[in-house]
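The figures that follow rest on heavy atoms only: side chains count, while hydrogens, waters and symmetry mates do not.
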Amino acid sequence: MRGEVKLNNYSLEAVADEVLRRKVPLVPNKTLNRWFATGPGQGRHRCIEYVNSRAMLNLEIINQLDLVNRTSELARVFGIDFFSVLSRGSQFRVESMLLRLAHTQNYLAISPGNQQVASQPAMECMPLVMEPESAFYSDPVLVLDFQSLYPSMIIAYNLCYSTCLGKVFPSKSSVLGVSSYSADPHTIADLKNQLILTPNGVLYVQPEVRKGVVPRLLEEILSTRIMVKQALKKLAPSQKVLQKILNARQLALKLIANVTYGYTAAGFSGRMPCAELADSIVQCGRRTLETAISFVNQHPLWNARVVYGDTDSMFVLLKGRSREEAFRIGKEIASLVTAINPDPVTLKFEKVYHPCFLLTKKRYVGYSYENPEQNEPIFDAKGIETVRRDTCPAVAKMLERSLRIMFEEQDLVKVKSYVERQWTRILSGKVSIQDFIFAKEVRLGTYSARASSLPPAAIVATKAMLSDPRAEPRYAERVPYVVIHGEPGARLVDMVINPYGLLEVGSPYRLNELYYITKQIIPALQRVFGLLGVNLNKWFKEMPRPTRSTLAKRQSALGHGSRDSSSIRLGWNKKPSAKVARIDTYYMSSHCTICGDTVQGSETFCSYCLKNEAVVATVVTGRTSKLEREIQHLAAVCGHCGGADWIMESGVKCVSLACPVFYERLKIQKELRVVSESAGEAGYYPFCCGELF
DNA sequence: TATGCCACCTAC
DNA sequence: TCAGGTAGGTGGCATA
């Protein structure tokens, strides 16, 4: 599934939700064990049904993803067996196709040894990655890219092992790839009008002299792909099965074309790398892009400027133009640049960003339009936190919302009020823990001994293994964790725990809101809105806090009179010098369950409310019955999950982290517990179903 | 405070 | 035993 779908977590529940759009329960092993131990006719069937249903899910998921058909199609296209598609790497695929073709041309394949591969010269060329002009662009920005740039280079310039004559100025040792070779000077003189010199100083013969095997292979792959795509278009809408097969086939061809370059550059594990060949491909690509960039920049009519480019792409700013004009110019650029390049090099006009942010290399985001008729833009982000899995969902969600507000309203005041609203929700605990769970891949046994400690996710995994050796994560499994409050000055690694440790009713831990806000949310937003001169830290410091007036309102609603201001234990913005410490102190302390005022230590009622027994009784009764209703509602929701009525037999046992209802349930259970404990302190005991809780 | 290293994840 | 590539940003920590 790691290769099939992009998820934060690959638990069966998460995969079933993503692939089958179905919520399935997760029952802890302890519970399953207890059920099984009850014996036949008692509760054992529940355990067996549960395990059985999960086994079936595997098949359903494979089915839904059409995994068997797609794998078969790959096997056919590459000419390898079914299981090798799944178990072997891309070199095996390239070799399968390359060797078949080479044999028809009477080539004999001789593979170099490990020593030879290891001692080949290093690659020297790099693709072009422009430093973007970081800014917010309210004018249209075109995005164009060369289609299959590297395969195109191989075909256009006949780049191949079999056509390479080595460096034009060979070094003493005449190294070429893993071996040594230098062309006879007479041969080169004879061929002088039939040579291709690549920008990294390597000579190749033109196709008239000898057509390379790799270019021939790629030509066949690309032309076959075009044929398949044409056949796909001609299919009737009803021919679903054939559609799927042809689509799988054209994707397989695209896949193999794109990894062929990788094969020539596979220095670490490669069986036949050739640094000079790989360099030629990269450097030809680079020259093609650089030429296109200066062509666009110098064109007299467009008044366009290339503001970013990476390997095969160009971002063209059209200042002061409308989106309609942008589409017209984009088409012109694509066809003119394609025309100045050899076949089959093609520059494709992909989309218009309007507006967008360019942040750094490989990081940008914009509202994209793919054709002039499109009215609703697509939110398109690359490299930033909204698409990354090393931040928690809260960061991704807040960043995306702020960006959307900015794109739609172009009004920082609205962005500010949105983020302040979210910060307030986080600080007052009105959020779901689900959005604050990190999950990162863990590779136990690979971590550096020099490093001071393991990464957070590895720490959590290691701790879990202490109590249960079978909790050991699979290699590269994503392990979830949350950040909680720690000792002052504690390192991050001392503040990470398994989410269940925080979620369980009666947990002594509290979410480290300040860590999430100041270390995760603010930096991510700052990188974007800092380009507009905003200081997010200042926004946070100066954010309106819960004030006396709001507290007073809540108190009067509860029937309180006004209170002496000396009872204000902690206020915001009192002493600027100690502000940061105060913010922390405020949220380290807890709040009165009734009036929301801060209380010292772990008390749940402030001394004022505690004195008023009638208020306590009314509040407790009201809250209790409300929470009870909510619990029952959620239990009913859980009852529908997977149609498993056995779940209800002994209360909801599911602990799936992939399910939002789970977090809701625990939140309410925690509130109920707080209310009943508070009631106990006040000498008032609520009952439900005759049972004290 | 600057810098180097490690780990992770992404773009192409 | 086998394993496509490189460039690049960022957080966290220890050290200079």
A.B. asks: Kindly point out which of B:dC12, C:dG9, C:dG4 is positioned nearest to the side chain of A:Ala266?
C.D. replies: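 Shortest atom-to-atom distance from the side chain points to C:dG4.
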A.B. asks: Mind checking if A:Tyr515 touches a base, just sugar-phosphate, or nothing, with heavy atoms under 4.0 Å?
C.D. replies: sugar-phosphate
A.B. asks: Just how far, in rounded Å, is P of C:dT10 from NZ of A:Lys519?
C.D. replies: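 Interatomic distance, NZ of A:Lys519 to P of C:dT10: 16 Å.
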A.B. asks: Could you pull out the closest heavy-atom pair between A:Trp423 and A:Met398, with the gap in Å?
C.D. replies: NE1-CE, 4.0 Å
A.B. asks: So what does A:Pro523 touch, heavy atoms closer than 4.0 Å: a base, only the sugar-phosphate, or nothing?
C.D. replies: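 Result for A:Pro523 = sugar-phosphate.
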A.B. asks: Give me the ring orientation class for A:Phe136 and A:Phe407: parallel if the planes are under 30° apart, tilted from 30 to 60°, perpendicular past 60°.
C.D. replies: parallel
A.B. asks: Tell me the interatomic distance from A:Leu358, atom CG, to C:dG8, atom P, rounded to whole angstroms.
C.D. replies: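 Those two atoms, CG and P, are 16 Å apart.
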A.B. asks: Rounded to the nearest Å, what distance is computed from the CG atom of residue A:Leu359 to the P atom of nucleotide C:dA7?
C.D. replies: 22 Å
A.B. asks: Less than 4.0 Å between a side-chain N and a carboxylate O, is that true for A:Lys351 and A:Glu370?
C.D. replies: no
A.B. asks: Can you give me the closest heavy-atom contact between A:Arg491 and A:Ser452, atom names plus distance?
C.D. replies: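 Minimum heavy-atom separation between A:Arg491 and A:Ser452: NH1-OG, 4.4 Å.
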A.B. asks: What residues form a salt bridge (Lys or Arg N to Asp or Glu O under 4.0 Å) with A:Glu487, not counting sequence neighbours?
C.D. replies: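 Listed in chain order: nothing, the list is empty.
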A.B. asks: Show the atom names and distances, to 0.1 Å, of all donor-acceptor pairs under 3.5 Å that link a side chain in residues 342-349 of chain A to residues at least two apart or in another chain.
C.D. replies:
| unit_1 | atom_1 | unit_2 | atom_2 | d |
| --- | --- | --- | --- | --- |
| A:Thr346 | OG1 | A:Pro344 | O | 3.0 |

A.B. asks: Does A:Arg93 count as lying over the ring of A:Phe78, i.e. NZ or CZ under 6.0 Å from the six-ring centre, within 45 degrees of the axis?
C.D. replies: no
A.B. asks: Measuring from atom OG of A:Ser313 to atom CG of A:Leu289, what distance do you get when rounded to the nearest 0.5 angstrom?
C.D. replies: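 It comes to 7.0 Å.
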A.B. asks: With sequence neighbours left out, write down each residue that passes salt bridge (Lys or Arg N to Asp or Glu O under 4.0 Å) with A:Arg478, or none if nothing qualifies.
C.D. replies: none
A.B. asks: Would you say A:Arg527 reaches C:dG11's phosphate, i.e. side-chain N/O to OP1/OP2 under 4.0 Å?
C.D. replies: yes
A.B. asks: Counting any heavy atom closer than 4.0 Å, what does A:Thr311 reach on the DNA or RNA strands: base, sugar-phosphate only, or nothing?
C.D. replies: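 Sugar-phosphate, no base atom in range.
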A.B. asks: Base, sugar-phosphate, or nothing for A:Val282, non-hydrogen atoms under 4.0 angstrom?
C.D. replies: nothing
A.B. asks: If you define the side chain from C-beta out and look only at heavy atoms, does anything of A:Pro456 sit under 4.5 Å from A:Leu492?
C.D. replies: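 Yes, their side chains come closer than 4.5 Å.
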A.B. asks: Show the distances under 3.5 angstrom between N or O atoms of the protein and N or O atoms of nucleotides 14-16 of chain C.
C.D. replies:
| unit_1 | atom_1 | unit_2 | atom_2 | d |
| --- | --- | --- | --- | --- |
| C:dA14 | OP1 | A:Arg491 | NH1 | 2.9 |

A.B. asks: Using a heavy-atom distance cut-off of less than 4.0 Å, which residues of residues 86-94 of chain A contact DNA chain C?
C.D. replies: A:Arg88, A:Gly89, A:Ser90, A:Gln91
A.B. asks: So what does A:Met126 touch, heavy atoms closer than 4.0 Å: a base, only the sugar-phosphate, or nothing?
C.D. replies: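 It contacts sugar-phosphate atoms only.
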A.B. asks: Checking A:Lys440 now: which residues fulfil salt bridge (Lys or Arg N to Asp or Glu O under 4.0 Å) with it, not counting sequence neighbours?
C.D. replies: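 Residues passing salt bridge (Lys or Arg N to Asp or Glu O under 4.0 Å) with A:Lys440: none at all.
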A.B. asks: Name all residues meeting the side-chain hydrogen bond (donor to acceptor under 3.5 Å, both in side chains) criterion together with A:Thr198; count only those two or more places apart in sequence or in a different chain, and write none if there are none.
C.D. replies: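 side-chain hydrogen bond (donor to acceptor under 3.5 Å, both in side chains) list for A:Thr198, sorted by chain: A:Asn200, A:Ser280.
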A.B. asks: By side-chain hydrogen bond (donor to acceptor under 3.5 Å, both in side chains), which residues pair with A:Arg287, not counting sequence neighbours?
C.D. replies: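 side-chain hydrogen bond (donor to acceptor under 3.5 Å, both in side chains) list for A:Arg287, sorted by chain: empty.
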A.B. asks: Quick test: give all pairs of protein nitrogen or oxygen and nucleotides 8-11 of chain B nitrogen or oxygen below 3.5 Å, distance rounded to 0.1 Å.
C.D. replies:
| unit_1 | atom_1 | unit_2 | atom_2 | d |
| --- | --- | --- | --- | --- |
| B:dC8 | OP1 | A:Glu441 | O | 3.1 |
| B:dC8 | OP1 | A:Tyr447 | OH | 2.5 |
| B:dC9 | OP1 | A:Glu441 | N | 3.2 |
| B:dC9 | OP1 | A:Arg478 | NH1 | 3.4 |
| B:dC9 | OP1 | A:Arg478 | NH2 | 3.1 |
| B:dC9 | O2 | A:Arg388 | NH2 | 2.9 |
| B:dT10 | OP1 | A:Val387 | O | 3.4 |
| B:dT10 | OP1 | A:Arg389 | N | 3.1 |
| B:dT10 | OP1 | A:Arg389 | NE | 3.0 |
| B:dT10 | OP2 | A:Arg389 | NH2 | 2.9 |
| B:dT10 | O4' | A:Arg388 | NH1 | 3.3 |
| B:dA11 | OP1 | A:Gly383 | N | 2.8 |
| B:dA11 | N3 | A:Lys362 | NZ | 3.2 |

A.B. asks: Whole-Å distance between C:dG11 C1' and A:Tyr516 OH?
C.D. replies: 14 Å
A.B. asks: Which pairs count as ring pair (Phe, Tyr, Trp, His ring centres under 6.0 Å) when at least one residue sits in residues 437-463 of chain A, sequence neighbours excluded?
C.D. replies: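 Qualifying pairs, neighbours excluded: A:Phe438-A:Tyr481, A:Phe438-A:Tyr516.
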A.B. asks: Just the table, please: protein N/O against nucleotides 3-5 of chain B N/O, every pair under 3.5 Å.
C.D. replies:
none

A.B. asks: Reading DNA chain C 5' to 3', what string of ( ), [ ], | and . shows its pairs, if Watson-Crick and G-U wobble pairs count only when both distances fall under 3.5 Å?
C.D. replies: ....||||||||||||
A.B. asks: Could you tell me if the side chain of A:Ile333 sits less than 4.5 Å from the side chain of A:Lys331, heavy atoms only?
C.D. replies: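 No; the side chains remain at least 4.5 Å from each other.
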A.B. asks: Hey, are A:Asp310 and A:Lys362 close enough for a salt bridge, meaning a charged N less than 4.0 Å from a carboxylate O?
C.D. replies: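 Judged by the 4.0 Å cut-off on N to carboxylate O distance, A:Asp310 and A:Lys362 do form a salt bridge.
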